Amino acid sequence: MLDKLEAINQRFNDVGQQLLDPEVISDMKRYKALNKEYKDLNKIVVEYKAYQNILSNIEGAREVIATEKDEDFRQMAKDELETLLPEQERLEAVIKDLLIPKDPNDSKDIILEIRAGAGGDEAALFAGDLQRMYMRFAEKQGWKMELVDAMEGTAGGYKEIILAMRGEDVYGKMKFESGVHRVQRVPATETQGRIHTSVASVVVMPEAEEFDVELDMNDIRKDLFMSSGPGGQSVNTTYSAVRLTHIPTGIVAQCQDQKSQLKNFDKALQVLRSRIYEIELAKKNEAEGAARKSMIGGGDRSDKIRTYNYPQGRVTDHRIGYTVYNLPAVMDGNIEDFIEQLRIAENAERLKEGTTA
């Protein structure tokens, strides 16, 4: 492992030098790729240097125990060793985790789409609950969340809401949320106190950058229409809302959140690009045989992944059979436990793939 870490450290230094090269700086695509690699390698190098320091201290403590005549000094070294050895184990586990091949999209920002499914008004209310859950989670992570487009439900919540999330490793954490979420509870409109089951679908797409997907603007039809819903004086008075259709694939994206037609166009184009990128990514994964049957980290969006049971205060993730009984906290954005358990399961699969490849 040390040889591998030293090679990574050397690559880290090489990339750092390349980032100072004027020729690299002038090539934005290459610069961004190298800058991303530098940040990823830095996480490993920081732990590697800490690990080197621990190994050096362990060696020093053992040398004192083996050669020192003074019993007090030897005891101090033994005490230090008792602290250092568990830290060595901890760092080794952290480094092994960092060395597992990562999804190259993990560091990307995302486009998040939440849609009400079966359940009528209750499904729309649940979609609104999921939106608030992710908003609270984003706040805890220090991420930025921006509305792209929304269609409100007749009794509240959303029939559909599209958001952009930006920050550190957003896709790496949020990718596990793609799929169908199911809620079991008594709706506010239910007079008999019967529990209803409703669903909402969540789609998490890595936000595609311009060099990820090359779009020919001649292949895109642009339609303008009046905004609807809340939005001030510009609603239903100006053609600021934008709908883009990618003619070769039939994929559509629209935005009416901004008063500016230009801003709505930029947002709609970003969603369109990300939707096309997601399709290309799925094709690539299928061609390489990389689509995981367990669905962890990018499964079929039609599969039920999680149930939120209000009467029992229970939340269950069906992919890994993980259940917690703190539903109010989960709905307040405390979904770290689920993400961590899913990440562990995904890493176990990646390790398995590595040993059988």
Side-chain angles (χ1 to χ4, degrees), residues 32-33 35-43 46 97-98 102-115 126-150 157-158 160-179 181 200-210 212-213 253 255 257-258 263-264 266-275 277-278 281 296-299 301 305-306 308 315 317 324 326-344 346-347:
K32 288 187 80 169
N35 194 47
K36 179 186 177 301
E37 183 183 0
Y38 186 81
K39 287 180 179 178
D40 291 341
L41 291 173
N42 184 54
K43 294 175 185 176
V46 166
D97 186 49
L98 287 171
K102 296 293 189 291
D103 183 335
N105 287 308
D106 278 358
S107 61
K108 287 184 179 291
D109 297 329
I110 66 165
I111 300 295
L112 173 67
E113 301 181 347
I114 306 170
R115 293 184 179 86
F126 179 50
D129 292 338
L130 290 176
Q131 183 268 332
R132 282 189 293 275
M133 180 180 81
Y134 293 131
M135 181 179 70
R136 294 287 294 122
F137 179 65
E139 288 171 356
K140 295 172 195 288
Q141 300 296 311
W143 298 341
K144 291 182 179 178
M145 198 167 176
E146 185 180 9
L147 179 66
V148 175
D149 198 34
Y158 298 99
E160 176 182 280
I161 182 166
I162 302 172
L163 304 147
M165 268 191 192
R166 297 184 174 90
E168 186 176 352
D169 294 331
V170 182
Y171 183 72
K173 293 183 178 179
M174 286 295 296
K175 65 184 176 183
F176 301 115
E177 297 303 302
S178 274
H181 295 242
S201 66
V202 174
V203 178
V204 177
M205 299 179 290
E207 190 174 61
E209 298 181 50
E210 285 185 39
D212 290 327
V213 177
C255 180
D257 179 56
Q258 302 292 319
K263 288 182 179 178
N264 281 332
D266 288 342
K267 280 189 173 184
L269 186 62
Q270 186 63 65
V271 173
L272 187 69
R273 186 181 285 119
S274 296
R275 286 178 178 167
Y277 180 65
E278 186 198 28
L281 200 62
I296 292 170
R301 63 178 64 177
I305 64 166
R306 197 174 295 152
Y308 305 75
V315 186
D317 195 292
V324 298
N326 60 345
L327 186 144
V330 170
M331 299 312 293
D332 192 43
N334 294 307
I335 58 175
E336 292 92 342
D337 280 354
F338 287 103
I339 288 170
E340 180 61 17
Q341 293 299 322
L342 287 159
R343 188 189 66 81
I344 290 168
E346 183 189 51
N347 283 348

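All figures in this text were calculated on a predicted structure; none of them were measured in a lab. These values consider heavy atoms only, across backbone and side chains, with no hydrogens, waters or symmetry-generated copies.
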Open item on the list: Looking at V203, is its backbone amide N or carbonyl O close enough to the side chain of S178 to form a donor-acceptor pair, meaning the two atoms are under 3.5 Å apart?
Closed with: no
Task: Donor-acceptor contact below 3.5 Å, side chain S201 vs main chain G179 - done: no
Tell me the closest heavy-atom pair linking [X] and [Y], and the distance in Å.
| X | Y | value |
| --- | --- | --- |
| Y158 | G128 | CD1-CA, 3.8 Å |
| V148 | C255 | O-SG, 2.9 Å |
| Q270 | A208 | NE2-O, 2.6 Å |
| A200 | L130 | CB-CD1, 3.9 Å |
| A164 | E207 | CB-OE2, 4.4 Å |

TODO: Under the side chain to side chain contact (heavy atoms under 4.5 Å, CB included) rule, what do M205 and Y171 come out as? Steps first, then yes or no, please.
DONE: CA-CA 8 Å; M205 299 179 290; Y171 183 72; over 6 Å; no
When rounded to the nearest 0.5 angstrom, what is the spacing between [atom1] in [X] and [atom2] in [Y]?
| X | Y | atom1 | atom2 | answer |
| --- | --- | --- | --- | --- |
| I339 | F176 | CD1 | CZ | 8.0 Å |
| D332 | L327 | CG | CG | 11.0 Å |
| F338 | I305 | CZ | CD1 | 10.0 Å |
| K43 | L98 | NZ | CG | 8.0 Å |
| D106 | E346 | CG | CD | 6.5 Å |
| L112 | M174 | CG | CE | 5.0 Å |

- [ ] Begin with the C-alpha distance, continue with both residues' side-chain angles, and end with the deciding distance and a verdict on side chain to side chain contact (heavy atoms under 4.5 Å, CB included) for M165 and Q141.
- [x] CA-CA 11 Å; M165 268 191 192; Q141 300 296 311; over 6 Å; no
I'd like to check [X] versus [Y] (side-chain heavy atoms, cut-off strictly below 4.5 Å). Are they in contact?
| X | Y | result |
| --- | --- | --- |
| E146 | L163 | no |
| W143 | K173 | yes |
| V330 | V324 | yes |

TODO: Report yes or no: do Y277 and N105 form a side-chain donor-acceptor pair below 3.5 Å?
DONE: yes
TODO: Before accepting this row, confirm whether a basic side-chain N of the pair D40/K36 lies closer than 4.0 Å to the acidic partner's carboxylate O.
DONE: yes
TODO: Inspect the contact between E177 and R306 and indicate whether a charged nitrogen and a carboxylate oxygen are less than 4.0 angstrom apart.
DONE: yes
Open item on the list: Ring-plane angle category for Y308 and H181, please: parallel below 30°, perpendicular beyond 60°, tilted otherwise.
Closed with: parallel
Give a yes or no on this: more than 12 heavy atoms of other residues, nucleotides or ligands lie within 6.0 Å of atom [atom1] of [X].
| X | atom1 | value |
| --- | --- | --- |
| E340 | CD | yes |
| K263 | NZ | no |
| K140 | NZ | yes |

Open item on the list: Applying salt bridge (Lys or Arg N to Asp or Glu O under 4.0 Å) to E113 and R275, what does each step give before you reach the verdict?
Closed with: CA-CA 11 Å; E113 301 181 347; R275 286 178 178 167; 2.5 Å; yes
Open item on the list: Using the rule given for side chain to side chain contact (heavy atoms under 4.5 Å, CB included), can you reason through V170 versus K108, listing the C-alpha separation, both sets of side-chain angles and the distance that settles it, and then say yes or no?
Closed with: CA-CA 6 Å; V170 182; K108 287 184 179 291; over 6 Å; no
- [ ] Please lay out, stage by stage, how R132 and M331 fare under the test side chain to side chain contact (heavy atoms under 4.5 Å, CB included).
- [x] CA-CA 8 Å; R132 282 189 293 275; M331 299 312 293; over 6 Å; no
